[in-house]
Structure formats: C-alpha cells, structure tokens
Amino acid sequence: MKILVIGATGTIGRAVVEELAQRHEVIAAAKSKAELLVDITDERSIRALLDSIGKLDALVATTGNVHFGPLARMTADEFKIGLHDKLLGQVQLALLGQHYLNDRGSITLTSGILSHDPIVNGASASAVNGAIESFVKAAALELQRGIRINVVSPSVLTESLTTYGEFFRGFESVPAVRVARAFSKSIEGGQTGQVYRVL
Ligand SMILES: NC(=O)c1ccc[n+]([C@@H]2O[C@H](COP(=O)([O-])OP(=O)(O)OC[C@H]3O[C@@H](n4cnc5c(N)ncnc54)[C@H](OP(=O)(O)O)[C@@H]3O)[C@@H](O)[C@H]2O)c1
C-alpha cells in the first residue's frame, strides 16, 4: 500500500511510520521538519501536498494542536485554536483526501482519551476529540468506493509523560508502539466508523 502519514515526525507519527514501513510504502509529511511539508490548517497546502503525491491507499493524520488551560480564563480565541487546527485540519484532510484515495482506501485520524475521560484544563481538548470521533462515525456512512474511515483515541503516551504527566495523574499511559498497532488495524483491517481507544 502507498500510505501518507501527516505528523510523521511526532511521538505518535514516528511509531506509526515504523510500524507501517515494514510492509508498505510510507510517505512522511510534517509541518516544519520533514521531506514533505504541509500545514493542515491551510487548505491550499493540503491540496498542494495531495496533488504532488497523486493516488493513495491510506491517509493518516497523527497531528493536531489544542489549547489547554483553565475554563475560568479560557477565551473563544483560545478555544478556536483546537477547532481550526486539530478538528478542522483533520476534517479538511478527510474531505480533500477522499478524492485522492484508491477504491477501498482508508482514512485514519487521531483524537484522544479526553473525549470521554476529561481532565482539568482540558475542556477544549475534550470538545475537539469528541467532535472528531462523531465526524468519523458519520462520515463512514457516506464515503464512496469502499473507502473507510476510523479514528485512534489514545490515552496519554508513556513517551509524553515528562511533558503531560502532571495533567494525567491516575491515568494509565500507553507506549507509542501500542498506539501504532491501532493505526495498523485501521489501515490493514476492514472496519469503518470505529473509534479505537488505546487505553
Ligand atoms: N502524546 C500524547 O500523549 C497524546 C495522547 C493522546 C492523543 N494525542 C494526540 O495525538 C496527536 C499527535 O500527538 P503527538 O504527541 O505525537 O504530537 P507531536 O509529538 O507534537 O507531533 C506532532 C506532529 O504533527 C506535526 N504538525 C504540527 N502541526 C502541524 C500542522 N499544522 N500541519 C501538519 N503537521 C503538523 C508536527 O510536525 P513538525 O514537528 O514539523 O511541526 C509533528 O510531526 C495530537 O493530536 C495529540 O493531541 C497525543
């Protein structure tokens, strides 16, 4: 399969590339430090990347930024960061990317545990992750030509505990290699409309 991974240089993306590259042609893209550059918040940038690659069997997003902070001080502009970046960015990838996929191709997005297991300072992240998961369930009903869509929703990564650990007290962390296997299941399996919770 020819698989495009956007966010390929990140903590999750690196593990996904390592898992999939054993069996497939993987094209790695990221925002600032990769062979292929793309900004998922910019529709023209996504189109330019997809045009430069041509037909694909799988499109993967392991990226998306959101604002974390106390609700009492949260502004609409801060809330919009996650809407424009993690939510709309991945939705745009799916909307544009469906037309570049071969028959029976797949789209796999990334959300996160906060959609159903919230933390303090995480109202924006919970809303965005929940919206991505709802989008995927509904989009699966309409995608044509056997194209599938799923979302991977991991707990905090073990590799990220040094950065986020204090916000996730009491949560079980998951290693990136386990998260990567959920992407493998989405791409190499047959399911669609699924939320793969890696807990
Ligand atoms: N880490 C965790 O514990 C965890 C847990 C659950 C869910 N998640 C979710 O998983 C996703 C990835 O997390 P991560 O920890 O792997 O992130 P990360 O290590 O910060 O990596 C982010 C990746 O996305 C790329 N990127 C950033 N902004 C982009 C943009 N506008 N357009 C295209 N690419 C962009 C980065 O490229 P550059 O480096 O070139 O900028 C990098 O390759 C996020 O949505 C996060 O919320 C993470």
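Both counts, for ligands and for their atoms, begin at 1 and track the order of listing.
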Just wondering, more than 12 heavy atoms not from R104 lying within 6.0 Å of its CZ?
no
I want to confirm something. Looking only at heavy atoms, which of K33, K31, R14 is nearest to atom 30 (C) of ligand 1?
K31
Quick note on ligand 1: atoms under 4.0 Å from a heavy atom of N65 include exactly 28 (N)
Closest non-hydrogen atom pair between R197 and S115, with its separation:
NH1-OG, 3.6 Å
of all protein heavy atoms, closest to atom 33 (C) of ligand 1 is V38 O, 3.1 Å
Would you say A34 contacts ligand 1, with heavy atoms under 4.0 Å as the rule?
no
Out of G112, S155, S160, the nearest non-hydrogen contact to atom 5 (C) of ligand 1 is supplied by S155
Check the surroundings of atom CD in Q144: do more than 12 heavy atoms from other residues, nucleotides or ligands lie under 6.0 Å from it?
no
Heavy atoms of the protein only: does one fall short of 4.0 Å from atom 3 (O) of ligand 1?
yes
Show which atoms of ligand 1 fall inside a sub-4.0 Å distance from at least one heavy-atom site of T110.
9 (C), 10 (O), 11 (C)
Looking only at side chains, do N150 and K185 share a donor and an acceptor under 3.5 Å apart?
no
Closest approach of L37 to K31 (non-hydrogen atoms, all atoms of both residues):
CD2-O, 3.7 Å
N/O to N/O below 3.5 Å, does that happen between T41 and ligand 1?
no
Who's the nearest protein heavy-atom neighbour of atom 24 (O) of ligand 1, and how far?
T63 OG1, 2.9 Å
Atom CZ of R44: over 12 foreign heavy atoms under 6.0 Å:
no
Atom 7 (C) of ligand 1 has as its nearest protein heavy atom S111 O, 3.3 Å
Under 4.0 Å from a heavy atom of G7: which atoms of ligand 1 are those, numbered in the order shown and with their elements?
23 (C), 24 (O), 25 (C), 43 (O)
Among side-chain atoms of T41 and D39, is any donor-acceptor pair under 3.5 angstrom?
yes
Give the single entry among T9, V198, T62 that approaches atom 42 (C) of ligand 1 most closely by any heavy atom.
T9
Considering the heavy atoms of D39, write down every atom of ligand 1 situated less than 4.0 Å from one of them.
30 (C), 31 (N), 32 (N)
With nothing but distance in play, are any N or O atoms of G13 less than 3.5 Å from an N or O of ligand 1?
no
Transitively linked via ILVMFWY side-chain contacts under 4.5 Å: V179 with V16?
yes
Below 4.0 angstrom from a heavy atom of S32, which ligand 1 atoms are there? Numbered from 1 as shown, please.
38 (P), 40 (O), 41 (O)
Parallel under 30°, tilted from 30 to 60°, perpendicular over 60°: which one fits the rings of Y164 and F68?
tilted
Output the list of atoms in ligand 1 that are nearer than 4.0 Å to some heavy atom of A30, sorted by atom number.
37 (O), 40 (O), 43 (O)
Would you say CD of Q191 has more than 12 non-hydrogen atoms from neighbouring residues, nucleotides or ligands within 6.0 angstrom?
yes
Considering all heavy atoms of both residues, which atom of T63 and which atom of G7 are nearest to each other, and what is their separation?
CB-CA, 4.1 Å
Please state which protein non-hydrogen atom is closest to atom 6 (C) of ligand 1 and give its distance, to 0.1 Å?
P154 O, 3.4 Å
Polar side chain donor-acceptor pair, E133 to H116, under 3.5 angstrom
no
How far is atom 19 (O) of ligand 1 from its nearest protein heavy atom, and which residue and atom is that?
T11 N, 2.9 Å
Just jot down the ligand 1 atoms closer than 4.0 angstrom to any heavy atom of V156, in number order.
3 (O)
Among all the protein's non-hydrogen atoms, which is closest to atom 44 (C) of ligand 1, and how far away is it?
G64 O, 3.3 Å
Before signing off on this row, confirm whether L157 and ligand 1 have an N or O atom pair separated by under 3.5 Å.
yes
Give the atom numbers and elements of ligand 1 that come within less than 4.0 Å of a heavy atom of K86.
9 (C), 45 (O), 46 (C), 47 (O)
I need the nearest protein heavy-atom contact for atom 22 (C) of ligand 1: residue, atom name and distance, please.
G10 CA, 4.1 Å
Scanning both residues in full, the closest heavy-atom pair of L96 with E43 reads CD1-CG, 3.8 Å
So which heavy atom in the protein is nearest atom 48 (C) of ligand 1, and how far is it from that ligand atom?
I12 CD1, 3.8 Å
Assess whether atom NZ of K2 is packed by more than 12 heavy atoms of other residues, nucleotides or ligands within 6.0 Å.
yes
